[in-house]
Amino acid sequence: ASRFGVVQQGPPIEVFALNKAFLDDTFENKVNLGVGAYRTEEGKPWVLPVVRQVERDMAANETLNHEYLPVLGLDSFSAAATKMLLGSNVAIDEGRAFGIQTLSGTGALRVGAEFLARQLGYKTFYFSQPTWENHRLLFLNAGFNDPREYRYWDQNKRGLDFDGMIADLKNAPENSVIILHACAHNPTGSDPTQEQWKEIANVMKEKKLFPFLDCAYQGFASGDLEKDAWASRFFVEQGFELFVAQSFAKNFGLYNERVGNLTVVMSSKEAIAPVKSQLTLLVRGMYSNPPNHGGRIVSTVLNDPKLFEEWKTCIKTMADRILLMRDSLRNKLLELKTPGTWDHITQQIGMFSYTGLTTKQVEHLVNVYHIYLLKSGRINMCGLTTKNVEYVAKAIHDAVTK
Ligand code: PMP
């Protein structure tokens with residue numbers, strides 16, 4: 001008998017299992033609305049032209065090598081990433097903000113959470129109901145042991161349950177870590193308004209809660225880097241000490257290169273050296289140092305005005321295609337007179353729409369139409385194309401009316 005016989009089978013991870021089921025499906029008109037990645041109008045992954053160009057230059061550059069990066073990554077990358085997030089900001093001017101390169105957004109969340117658990121002894125964290133399915137597991141694995149939810153989604157309104165959210169934050173114990181989606185909330189696509197963010201910040205300040213912003217979609221959400229950074233910048237201007245996890249998976253299309261940044265903002269610059277030293281030990285004992293390839297690409301683009309402009313047109317292309325698909329899906333459902341309201345499809349932002357479809361309706365779409373989506377009814381708008389949107393709309397109509 002194996003010593004591993006004691007190990008229990010764990011549950012599958014829904015989004016990966018769904019993707020596999022899609023790939024194994026031989027039906028010609030199958031549609032993948034599950035996976036969290038950009039797809040072109042042809043349904044294909046997209047390597048941004050500006051990324052291809054930088055990669056070609058890197059391949060031809062014989063002075064580059066494969067030496068280790070420092071434990072906290074490439075400085076030129078993390079400084080540019082921090083600046084892209086915070087803009088020209090008082091915390092940067094006063095030298096009390098810095099970034100470290102991490103293994104994409106997940107790695108930034110993990111390093112940040114583990115730091116808070118080990119160094120500050122924080123144990124309680126709050127995530128939105130619903131949220132990205134990895135927040136809970138990630139914080140528990142990082143050493144937190146008191147997971148709690150704050151209300152976020154109102155199924156009847158198909159929008160934010162703002163009063164519920166505020167009430168739950170008001171009840172949170174001091175020093176709870178509150179995970180906030182900086183823009184384009186996953187999975188609901190519904191963000192607080194600026195007025196609502198102000199109220200959230202007031203409550204968090206009063207209750208001494210720690211904001212950990214998760215910024216996985218800057219630029220990708222609205223097509224505008226500044227707009228998508230509004231909430232993060234606002235919290236910094238309000239004087240919070242905070243962490244922000246940045247991912248370059250979506251906005252650079254660098255999913256598997258694992259490029260991320262943990263931005264740290266503190267109220268005094270004296271704390272920087274000790275905090276950096278502890279982050280260094282944490283990363284050293286976890287994965288020693290990050291990979292270079294993706295970080296160098298992002299650094300090259302963010303630090304070169306011409307490449308930066310080119311990249312901005314790429315994110316605009318992606319954001320615009322998503323907006324177009326939101327419009328088309330809503331219009332088709334209106335044409336079909338599908339019962340219910342569908343305005344939320346165009347009101348929600350980012351890659352995802354929380355359709356409000358029930359688990360049974362979702363099963364119908366998967367089993368009868370080979371349209372793959374999460375049980376929660378979340379769809380990735382990029383899975384839609386001008387060629388399949390009608391098929392999807394008719395299938396939704398059938399699922400809703402049958
Ligand atoms: N947070 C949210 C809300 C996300 O949607 C994602 C991507 N699915 C991430 C973090 C992190 O992804 P990655 O580690 O690939 O950057």
Side-chain angles (χ1 to χ4, degrees), residues 13-19 32-39 45 73 77-78 81 84-85 99-114 125-139 141-142 149-150 152-153 177-192 211-221 228-229 231-232 243-263 286-287 290-291 293-295 297-298 315 318-319 322 348-354 373-374 376 378-383:
I13 297 167
E14 187 188 8
V15 57
F16 289 102
L18 194 73
N19 202 37
N32 191 352
L33 303 180
V35 64
Y38 181 77
R39 293 290 179 263
F77 161 79
S78 45
M84 172 182 132
L85 178 74
I100 67 169
Q101 185 182 343
T102 55
L103 306 183
S104 214
T106 306
L109 288 162
R110 176 61 193 262
V111 169
E114 198 154 327
F125 68 107
Y126 278 77
F127 51 91
S128 59
Q129 166 50 251
T131 192
W132 179 47
E133 76 281 347
N134 206 14
H135 280 147
R136 184 189 152 91
L137 177 67
L138 187 158
F139 269 70
N141 284 0
E149 295 175 339
Y150 59 85
Y152 195 80
W153 176 254
V177 175
I178 314 294
I179 305 170
L180 299 165
H181 297 233
C183 67
H185 183 271
N186 174 8
T188 69
S190 299
D191 288 352
F212 199 148
L213 286 110
D214 182 359
C215 187
Y217 300 93
Q218 191 184 350
F220 194 91
D228 292 348
S232 307
F243 286 177
V244 189
Q246 280 173 275
S247 170
F248 291 87
K250 324 280 151 142
N251 53 15
F252 265 86
L254 285 170
Y255 305 92
N256 69 9
E257 294 297 343
R258 315 307 293 145
V259 199
N261 186 59
L262 175 67
T263 289
M286 205 189 302
Y287 55 86
H293 184 79
I297 295 170
V298 172
I315 40 182
M318 294 190 283
I322 293 171
Q348 294 168 349
I349 66 159
M351 185 151 65
F352 301 115
S353 180
Y354 214 49
L373 66 158
L374 297 188
S376 63
R378 184 194 87 170
I379 61 174
N380 176 1
M381 300 312 296
C382 310

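From a predicted model like this one, the values you see are computed outputs, not experimental measurements. Atoms within a ligand are numbered from 1 in the order they appear, just like the ligands themselves.
In the vicinity of Thr106, heavy-atom distances shorter than 4.0 Å reach the ligand 1 atoms 11 (C), 12 (O), 13 (P), 14 (O). Under a 4.0 Å criterion applied to the non-hydrogen atoms of Asn186, ligand 1 contributes the atoms 3 (C), 4 (C), 5 (O). Proximity to Ser247 (heavy-atom distance under 4.0 Å) selects the following atoms of ligand 1: 13 (P), 16 (O).
Tyr152 and Tyr354 have their aromatic ring centers separated by at least 6.0 angstrom.
Counting heavy atoms from C-beta outward, Gln348 and Met381 have side chains that stay 4.5 Å or more apart.
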Ile297 vs Phe248, test: side-chain contact (heavy atoms from CB on, under 4.5 Å). Steps then yes/no. CA-CA 11 Å; Ile297 295 170; Phe248 291 87; over 6 Å; no
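Of the listed residues (Asp214, Thr131, Val259), the one carrying the non-hydrogen atom nearest atom 2 (C) of ligand 1 is Asp214.
The side chain to side chain donor-acceptor pair (under 3.5 Å) with Gln246 is formed by just one residue from the set Thr102, Asn261, Asp214; it is Asn261.
The protein atom (non-hydrogen) at minimum distance from atom 13 (P) of ligand 1 is Ser104 OG, 3.3 Å. For atom 7 (C) of ligand 1, the nearest non-hydrogen atom of the protein is Lys250 NZ, 3.0 Å.
Tyr217 counts as a contact of ligand 1, since one of its heavy atoms falls under 4.0 Å from the ligand. By the 4.0 Å heavy-atom criterion, Arg258 is counted among the residues contacting ligand 1.
Counted by atom type alone, Thr131 and His181 present one or more donor-acceptor pairs between their side chains at under 3.5 Å. Side-chain polar atoms of Asn186 and Arg378 form a donor-acceptor pair below 3.5 angstrom.
Ligand 1 has no N or O atom lying under 3.5 Å from any N or O atom of His181, backbone or side chain. Annotation: Leu103 places no N or O atom under 3.5 Å from an N or O atom of ligand 1; distance criterion only.
Around atom CG of Leu137, more than 12 heavy atoms belonging to other residues, nucleotides or ligands sit under 6.0 Å away.
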